[in-house]
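To start, the structure itself, in structure tokens.
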There are 2 protein chains.
Amino acid sequence: MEDASIQSVPYPTIKRYPAYLQVLKELKSTGITTVSARDIAERLGLNQVQVRKDLGYSAIIGRPKVGYDIEQLTSALHQLLGWQDPKEAFLIGAGALGSALLGYRGFQEYGLDIVAAFDLDPSKHNTAIHGKKVFPMERVPELAKRMGVLIAVLTVPESAAQECADLLIQAGIRGIWSFSPCKIEVPDNVVVQREELSAGLAVLSVRLSEMLKHENNGPSAPV
Amino acid sequence: MEDASIQSVPYPTIKRYPAYLQVLKELKSTGITTVSARDIAERLGLNQVQVRKDLGYSAIIGRPKVGYDIEQLTSALHQLLGWQDPKEAFLIGAGALGSALLGYRGFQEYGLDIVAAFDLDPSKHNTAIHGKKVFPMERVPELAKRMGVLIAVLTVPESAAQECADLLIQAGIRGIWSFSPCKIEVPDNVVVQREELSAGLAVLSVRLSEMLKHENNGPSAPV
DNA sequence: TTATGTGAACTAATTCACAGCG
DNA sequence: CGCTGTGAATTAGTTCACATAA
């Protein structure tokens, strides 16, 4: 009766975990061994109750007056995220954004190891970008099976997204991190996570416009 | 009495607008002039009522049986987002992620035009990455004022984030799109929007792990 | 009949308020 | 006290159900 496995941790919480891990890592590097929820909250600009609630989904318990053991907490969060051991991934679409991500070593921290890139464009084949070889799309099935790769980062133009996804699915890929803003149809046993870079920019724009607007109206006439 | 300007549009809605714009753009390119909420919803995998509610924040009204005028809707959303005319921006931190973003032309679509890059590392100064010149950080104030730049994309290591932000603020930058997962202290008249690339990856990981787990347990014993 | 538009119901997430522990 | 942990209240967002318009 302790199942609780059908996505018991809310997504907003999951999204905050990587930031928590970052803080823990930084603290650990300074030699500190425990941390309070308040401290984490302050470093990230969050509400401390929210942090406690979030951490509550892990099995580990904090000690009053002391806080949480950093080591324990780190591995608990890694476990909740499925980041115990790094997952190998393919990158599909070696265009501007794709090349960029190939060079970004930050993913390693998040348990993602991009091992190869693929592209439809023959002129890119057998070149290497940031040390990662670029293969023709047709080789995805073969290499995915050989290397046991289950995750793909999809950075192709929208028009090619579904086509590429279909090929990935055939090749046994089970998780697709898509940077295209369109829907991708997949069977039930495949997960698509859409990353909307533009969403954050939209929020920034709006907040900025509103601030500037209020500055012009605000101080004087409230008509 | 028609103020309604104090952030009347909810953030989740704002985050969906860029995707709507993408759909509108695609439809427009095929010569279609109107679109229904249902159509938008289907293309993006959203609920059609949600789309209607979202569009309702714009002044434009849809015609029953016909839908919304694509042209009108596009400019209304642009207006709501403050994307009428492209905003010039600086990129701070020409590391792996920064270089990647410099090469990504997609931002132009979202009204953001990165016009120059800056870095603390002298070895990068006066080089160009993807056609964008890299300047020393010290020149931010001068160039920001000269070009009237108000937005900065911050892709520096966490340890340098606050320091760089301080310099940006001094230089008159009012909006910071930060790719570091740490809090940045700014005065009230500056907006910081944090982009957590790892958040999406975390969600993907969890959804994938859960699916794989259920596959192993699921079909057989529900103990 | 095919669409929009919207009050009402529902669901999810955050925050409050306080109990408990070392 | 300084901290965790959690039920209760609140707020925000989504979805339902239905009125309405062409």
Side-chain angles (χ1 to χ4, degrees), chain A residues 4 6-17 19-20 23-24 27 32-73 76-77 80 194 196 199 202-203 206-207, chain B residues 4 6-17 19-20 23-24 27 32-70 72-73 76-77 80 183 194 196 199 202-203 206-207:
Chain A
I6 307 150
Q7 176 45 34
S8 53
V9 186
Y11 286 130
T13 296
I14 288 168
K15 289 184 178 174
R16 285 185 291 266
Y17 282 164
Y20 295 173
V23 169
L24 294 177
L27 288 173
I32 298 174
T33 61
T34 60
V35 63
S36 70
R38 150 116 57 111
D39 194 3
I40 296 176
E42 260 172 22
R43 282 162 189 270
L44 294 171
L46 302 174
N47 180 305
Q48 55 165 312
V49 180
Q50 181 163 73
V51 174
R52 283 208 294 278
K53 279 245 157 87
D54 285 349
L55 300 185
Y57 290 101
S58 77
I60 70 114
I61 51 167
R63 301 220 329 256
K65 179 100 177 169
V66 177
Y68 304 83
D69 180 85
I70 288 179
E71 195 82 43
Q72 278 178 24
L73 193 51
L77 293 185
L80 280 171
R194 209 151 72 192
E196 305 256 6
V203 173
V206 169
R207 291 174 60 201
Chain B
I6 306 148
Q7 178 44 33
S8 54
V9 185
Y11 285 130
T13 295
I14 289 168
K15 288 183 178 174
R16 286 187 289 267
Y17 282 164
Y20 296 173
V23 169
L24 294 177
L27 288 173
I32 297 173
T33 60
T34 60
V35 63
S36 70
R38 151 117 56 112
D39 193 5
I40 295 176
E42 261 172 21
R43 281 162 190 271
L44 295 171
L46 301 173
N47 179 305
Q48 55 165 311
V49 180
Q50 181 163 73
V51 174
R52 282 209 294 276
K53 279 247 157 85
D54 285 349
L55 300 186
Y57 290 101
S58 76
I60 70 114
I61 50 166
R63 299 219 333 254
K65 180 98 178 171
V66 176
Y68 303 84
D69 181 86
I70 289 181
Q72 277 178 23
L73 193 51
L77 294 185
L80 280 171
K183 185 173 70 169
R194 209 151 73 192
E196 305 256 6
V203 173
V206 169
R207 290 174 60 200

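Throughout, a chain's letter reflects where its sequence line sits, starting with A, and its residues are numbered from 1.
- The side chain of B:V49 sits closest to D:dT15 out of D:dT15, C:dT4, C:dG5.
- For a distance-only test at 3.5 Å, the side chain of B:K53 qualifies as a donor-acceptor partner of the base of D:dT15.
- Atoms CZ and OH, from B:R52 and B:Y68 in turn, are 6.5 Å apart once rounded to the nearest 0.5 Å.
- D:dG5 atom P lies 13 Å from atom OH of A:Y57, rounded to whole Å.
- Along DNA chain C, the nucleotide nearest to A:T13 and the one nearest to B:I60 differ in position, and the one closer to the 5' end is contacted by B:I60.
- Taken to the nearest 0.5 Å, the CG atom of A:D54 stands 8.0 Å off from the CG atom of A:L46.
- Between D:dT4, D:dT6, D:dT14, one nucleotide has an atom nearer to the side chain of A:P64 than all others, and that is D:dT4.
- The nearest whole Å value for the distance from the CD atom in B:Q48 to the P atom in C:dA3 is 9 Å.
- Closest heavy-atom contact between B:Q50 and B:Y20: O-OH, 4.3 Å.
- Residue A:N47 has its side chain nearest to C:dC16 when only C:dC16, D:dA17, D:dT14 are considered.
- The nucleotide whose nearest atom lies closest to any side-chain atom of A:K65 is, among C:dT15, D:dG2, C:dT6, D:dG2.
- As a whole-Å value, the separation of B:L73 CG from C:dG5 C1' is 15 Å.
- As judged by a 4.0 angstrom heavy-atom cut-off over every strand, A:G62 is placed among residues touching the sugar-phosphate backbone only.
- Side-chain polar atoms of A:T34 and A:D69 form no donor-acceptor pair below 3.5 angstrom.
- If you take CD1 of A:I61 and P of C:dG22, they are 9 Å apart, rounded to a whole angstrom.
- Here the side chain of A:P12 is nearest to one of C:dT2, C:dT15, C:dA13, namely C:dA13.
- One can place CD of B:Q50 at 11 Å from P of D:dG13, the figure rounded to the nearest angstrom.
- Taking every side-chain heavy atom of A:P10 into account, C:dA13 is the closest of C:dA3, C:dA13, D:dT14.
- Note that CD1 of B:I61 is 13.0 Å distant from CG of B:L55, once rounded to the nearest 0.5 Å.
- The side chain of A:Y68 contributes an N or O atom lying less than 4.0 Å from OP1 or OP2 of D:dG5.
- Spacing between atom CZ of B:R38 and atom C1' of C:dT4 amounts to 12 Å, rounded to whole angstrom units.
- The separation between A:L55 atom CG and D:dC3 atom C1' is 13 Å, rounded to whole Å.
- Rounding to whole angstrom units, CG of residue A:D54 and P of D:dG5 are separated by 13 Å.
- Using a 4.0 Å cut-off, no side-chain N or O of B:R63 falls inside it from OP1 or OP2 of D:dA22.
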